[in-house]
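The figures here come from the full heavy-atom set of this structure, side chains too, leaving out hydrogens, waters and symmetry mates.
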Amino acid sequence: MTHHHPALADAVARLTGGASRVVDATVGLGGHTARFRTAGALVLAVDRDPQALAAARAALGDERIRWHLGRFADPAVVAAVAAFRPDVALFDLGVSSPHLDQDARGFSFRPGVALDMRMGEAGPTAADLLNTLPAEGLTQMFRDYGDERRARRLAAVVRRRRARRPFATSDDLVGAIREALGPRTGPSHFARLFQAVRIAVNDELVELERALPAYRDALVPGGRLLAITYHSGEDRIVKHRFREWAQACVCPPGLPICTCRGRPLGRLDPRAPIRPGADEIGTNPRARSATLRGFRTDAPA
């Protein structure tokens with residue numbers, strides 16, 4: 001694990017100092033979990049990817065770590081988190097380096113890579129979605145998950161190309177992107193749109209929406225929920241949920257009498273998002289899009 005540098009690890013360590021029971025909801029290669037344990041915490045380490053979980057467990061062992069395979073929003077995982085009674089829960093979203101570096105996992109846009117992109121071993125692959133989604137489904141995927149203003153054009157190109165030959169490898173999707181977006185298309189476009197397909201394959205934003213309130217409720221009073229995002233859609237969800245929970249009233253505007261909870265559920269902590277500095281980006285370029293936000297639940301009076 002010495003080669004693995006999780007994004008914003010120092011900021012996470014500062015915010016979680018003194019924690020005794022930590023949930024790492026996306027353990028990946030185990031970089032954050034290793035630091036939590038070194039700081040004296042008992043860790044519940046969760047990941048939906050059996051390969052990632054097995055590798056982290058082989059590297060870190062079982063001392064002061066409980067391992068749990070599953071999606072972080074699965075009912076069984078949420079029940080285990082609630083029973084654990086954490087004072088910190090961390091979501092480090094996105095994908096880990098092996099997903100991108102191992103062509104067999106199908107996440108990369110390097111030539112000849114099979115279009116898989118599943119973080120687990122079940123469900124439709126990226127090729128399945130690209131070959132079966134209707135026009136509106138493709139448009140929504142590219143627009144909402146890839147921030148692509150020409151999403152409808154790209155969806156039409158995908159449908160026309162798949163009628164001639166089903167999508168199977170990265171080259172098929174790269175070719176469609178180039179045809180739809182023009183000759184100046186490059187790696188930044190491919191990365192953004194491959195990421196959009198990956199988010200759809202793994203249902204990542206829906207999972208996040210379901211998990212955040214469940215993990216908030218599992219925290220002990222005064223506990224802290226942290227999320228590191230790498231995508232605008234992820235960050236919008238985290239930002240809006242944390243801000244909403246920090247408000248005393250969430251009734252619709254113009255309602256004469258407050259009918260909601262009438263009190264905040266906690267506060268933003270830290271108040272402003274944390275992003276990596278130039279030094280961290282220099283040593284870990286994949287951290288450049290990371291944003292860390294936190295929410296602390298109310299402590300008992």
inquiry  = Under a 3.5 Å distance rule, please check whether His189 uses its side chain to pair with a backbone N or O of Gly186 as donor and acceptor.
reply    = yes
Between Gly175 and Arg161 the two heavy atoms that sit nearest each other are O-NH2, 3.3 Å
Going by atom type alone, with no hydrogens or angles, which donor-acceptor pairs under 3.5 Å involve a side-chain atom of residues 83-91 and a protein atom two or more places apart or on another chain?
| residue | atom | partner | partner atom | Å |
| --- | --- | --- | --- | --- |
| Arg85 | NH1 | Ala218 | O | 3.3 |
| Asp87 | OD1 | Ser20 | N | 3.4 |
| Asp87 | OD1 | Arg21 | N | 3.0 |
| Asp87 | OD2 | Ser20 | N | 3.0 |
| Asp87 | OD2 | Ser20 | OG | 3.1 |

Between Arg288 and Glu280, is there a salt bridge with N-O shorter than 4.0 Å? no
Could you tell me whether Asp147 and Arg192 have a side-chain N and a carboxylate O separated by less than 4.0 Å?
no
Joint hydrophobic cluster, Ile281 plus Leu93, side-chain heavy atoms closer than 4.5 Å:
no
Heavy-atom nearest pair, Ile65 first then Ala45, reads CG2-CB, 3.9 Å
Rounded to the nearest 0.5 Å, the CD atom of Glu234 sits from the CD atom of Gln195 at a distance of 7.0 Å
Looking at Arg71 and Asp203, is there a salt bridge between them, counting it only when a charged N and a carboxylate O are closer than 4.0 Å? no
Shortest non-hydrogen pair, Val201 vs Thr125, comes out as CG2-C, 4.0 Å
Rounding to 0.5 Å, atoms NE2 (His32) and CG (Asp92) come to a distance of 4.0 Å
Output side-chain donor-acceptor pairs under 3.5 Å for residues 132-140, partner residues at least two apart or in another chain, one line each.
| residue | atom | partner | partner atom | Å |
| --- | --- | --- | --- | --- |
| Thr132 | OG1 | Asp128 | O | 2.6 |
| Thr139 | OG1 | Ala135 | O | 2.9 |

| Would Asp47 and Thr26 count as having a side-chain donor-acceptor pair, cut-off 3.5 Å? | no
Those residues at least two apart in sequence (or on a different chain) that pass salt bridge (Lys or Arg N to Asp or Glu O under 4.0 Å) with Arg48 are none
- Task: May I ask you to say whether Arg118 pairs ionically with Asp49, meaning some side-chain N is under 4.0 Å from a carboxylate O?
- Result: no
N/O donor-acceptor pair under 3.5 Å between Arg210 side chain and Ala73 backbone: yes
All heavy atoms of Arg162 vs all of Arg159, minimum pair found to be CG-O, 3.4 Å
Next on the checklist: A side-chain contact here means heavy atoms from C-beta on lying under 4.5 Å apart; do Phe194 and Ser108 qualify?
Outcome noted: no
Notebook entry, point to check: Would a hydrophobic clustering, with Ile, Leu, Val, Met, Phe, Trp and Tyr connected at side-chain separations under 4.5 Å, put Val157 with Phe109?
Noted result: no
Rounding to 0.5 Å, atoms CZ (Arg216) and OG1 (Thr297) come to a distance of 9.5 Å
Check Arg37 with Glu63, please: is the shortest side-chain N to carboxylate O separation under 4.0 Å? no
For His231 and Gly146, the nearest pair of non-hydrogen atoms, with its separation, is NE2-N, 4.5 Å
Describe, in one word, how the ring planes of Trp245 and Phe242 are oriented to each other, choosing from parallel (under 30°), tilted (30 to 60°) and perpendicular (over 60°). tilted
Look only at the side chain of Asp172 and the backbone of Thr169, and say whether a donor-acceptor pair between them is shorter than 3.5 Å. yes
message: Let me check something: do Val12 and Tyr230 share a hydrophobic cluster, defined by ILVMFWY side-chain heavy atoms less than 4.5 Å apart, either directly or through other members?
response: yes
Fill in: Evaluation steps, salt bridge (Lys or Arg N to Asp or Glu O under 4.0 Å), between Arg293 and Asp235
CA-CA 9 Å; Arg293 297 181 186 272; Asp235 191 54; 2.8 Å; yes
In short, Leu60 meets Gly30 closest at the heavy-atom pair CD1-O, 3.8 Å
Self-check item: Test item: Tyr215 side-chain N/O and Val78 main-chain N/O as donor-acceptor pair under 3.5 Å
Solution: no
Does Phe295 reach the side chain of Arg224, with side-chain heavy atoms less than 4.5 Å apart?
-> no
